[in-house]
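For reference, the structure discussed in these notes is given below.
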2 protein chains.
Amino acid sequence: MRVPANRPALRVQSGGGVGEEELEFNEEGGVTDDSLSPEDASTPSSRRLHELIIQLGRYRSLRDPLHGICESKQLTPTQIHALMWLGNDGPTHVGVLAQRVGITKKTITGVVDRLEDMKLVERTRDAEDRRAVVAQLTTEGVKLFNLISRSVDEGLRRMLDLLPPDDQEALFGLLERVLKRLGESSEPQSL
Amino acid sequence: MRVPANRPALRVQSGGGVGEEELEFNEEGGVTDDSLSPEDASTPSSRRLHELIIQLGRYRSLRDPLHGICESKQLTPTQIHALMWLGNDGPTHVGVLAQRVGITKKTITGVVDRLEDMKLVERTRDAEDRRAVVAQLTTEGVKLFNLISRSVDEGLRRMLDLLPPDDQEALFGLLERVLKRLGESSEPQSL
DNA sequence: TATTGTTATACTCTATAACTATA
DNA sequence: TATAGTTATAGAGTATAACAATA
């Protein structure tokens, strides 16, 4: 009853320029809108995985291990997300950073604004393309990145502790094979 | 430069009532604040998993398979999240729903408001505890839930297609063992 | 008094549209 | 003209604080 508007703000450029920033290697768009070809929709395996994921989701500490970090650092998930990519990738065009985080170029501006206000990120112009803006962590930002990185490691360690060594190895092998498959069939966007 | 405030809005009741809605079986609070006991922090395994996850994160289609659904259905991630839990659990106290989605009671009110405006959710009073409000899907909400559920299945199927059958079985076994462990060491909150 | 939700307020996230500067 | 970002605007998510109704 607070806001009379019935339509959420989430809206995507579907009519205008296709080549904006939403282009991915997986372009099915509506995914499964109403056009469910009954052959390749869901399978017993996918439904089994779905059910397992729902069960796991009931354990909140598994679901969002970053939540505690957000609280203790007084940062929003999006801000943490942006910091982590900057720490992992080094200086990055803000447009690319937007892709990484999964938001639009218009939105990344405000996010970087606030990170800059907090002295965690710096903006500089790209000398080679004067239009482009490069974002990079400040010294303080790097320190925070390292701290968060260790927090994530610790969270992952606690998850791994739930698995016997054999299963841990199986998991690693499995993920590595997925990555190999992905690398063969497509490219990570704009790496 | 937009807003002069340097502090983000994310803030959690750390001083007030402990038993609000943030209580989990993993109560380390600050997680790794500054008190990193060097023994049980990160391990080679956790760092390896961390690295693998970062690599996977570069593939955006893997990272947020729900993104396409949000777009096509014109709903926000939080709204989808709430709908999915209502579909999976049936009529639910809005406070419990807040726990599931991972937001506070104050916030869930607005989310349910908007879902109610969209005629996807209904509110009723719990007859046994007149204080409590029960949220449940409308007929239209159930239809949407089924549609989204199938979309998720399809996304999962595409991920599973990246793995040979052996690895799929390994993954299932692995997840089931994690669930078993979790069930032994703790309870899913308020199930 | 304690608990369940809601209301009021403020800030962040997010997208669309219009704009500036550079290629 | 096309591309990289920013500004302006509006709606949704989120938390804190204060409040109402019920136990």
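So that the names make sense, note that chain A is the first sequence line, chain B the second, and so on, each numbered from 1.
Between B:Arg114 atom CZ and C:dT14 atom C1' there is a gap of 13 Å when expressed in whole angstrom units. Atom CD1 of A:Ile103 is separated from atom P of D:dA12 by 19 Å (rounded to the nearest Å). One can place CD of A:Gln74 at 15 Å from P of C:dC11, the figure rounded to the nearest angstrom. Residue A:Asp113 contributes atom CG, which lies 7 Å from atom P of D:dT6 at whole-angstrom precision. When the C1' atom of C:dC11 is taken as reference, atom CG of A:Leu75 falls 14 Å away, rounded to whole Å. A straight line from CG of B:Leu115 to P of D:dA12 spans 11 Å, rounded to a whole angstrom. As rounded to whole Å, 16 Å separates atom P of D:dT22 from atom NZ of B:Lys105. C:dC13 atom C1' lies 15 Å from atom CD1 of A:Ile80, rounded to whole Å.
To the nearest 0.5 angstrom, B:Ile80 atom CD1 is 4.5 Å from B:Cys70 atom SG.
Set against D:dT6, D:dG13, C:dT6, the side chain of B:Thr109 has C:dT6 as its closest nucleotide. Of all nucleotides listed (D:dT6, C:dT4, D:dA12), D:dT6 comes nearest to the side chain of A:Val94.
Under the rule for a side chain to side chain contact (heavy atoms under 4.5 Å, CB included), the partners of A:Ile53 that lie at least two apart in sequence or sit in another chain are A:Leu49, B:Leu156. In this structure, the side chain to side chain contact (heavy atoms under 4.5 Å, CB included) partners of B:Ser149, at least two apart in sequence or on a different chain, are A:His50, B:Met84, B:Phe145. Annotation: side chain to side chain donor-acceptor pair (under 3.5 Å) contacts of A:Arg125 (sequence neighbours excluded): none. Partners of A:Arg47 by side chain to side chain contact (heavy atoms under 4.5 Å, CB included), not counting sequence neighbours, listed by chain and number: A:Ser42, A:Pro44, B:Asp153. Partners of B:Lys180 under the side chain to side chain donor-acceptor pair (under 3.5 Å) rule, at least two apart in sequence or in another chain, are B:Glu184.
Counting any heavy atom pair closer than 4.0 Å across all strands shown, B:Thr107 reaches a base atom.
Here B:Arg123 does not reach the OP1 or OP2 of C:dG5: none of its side-chain N or O atoms lies under 4.0 Å away. Taking only side-chain nitrogens and oxygens, A:Thr76 never comes nearer than 4.0 Å to OP1 or OP2 of C:dT12. Considering only side-chain N and O atoms, B:Thr78 lies nowhere under 4.0 angstrom from the phosphate OP1 or OP2 of D:dA12.
A donor-acceptor pair under 3.5 Å is formed between the side chain of B:Glu116 and the backbone N or O of B:Arg123.
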Along nucleotides 17-23 of chain C, 5' to 3', which nucleotides get a B, which get an S, and which get a -, given that the test is a protein heavy-atom distance under 4.0 Å?
B---BBS
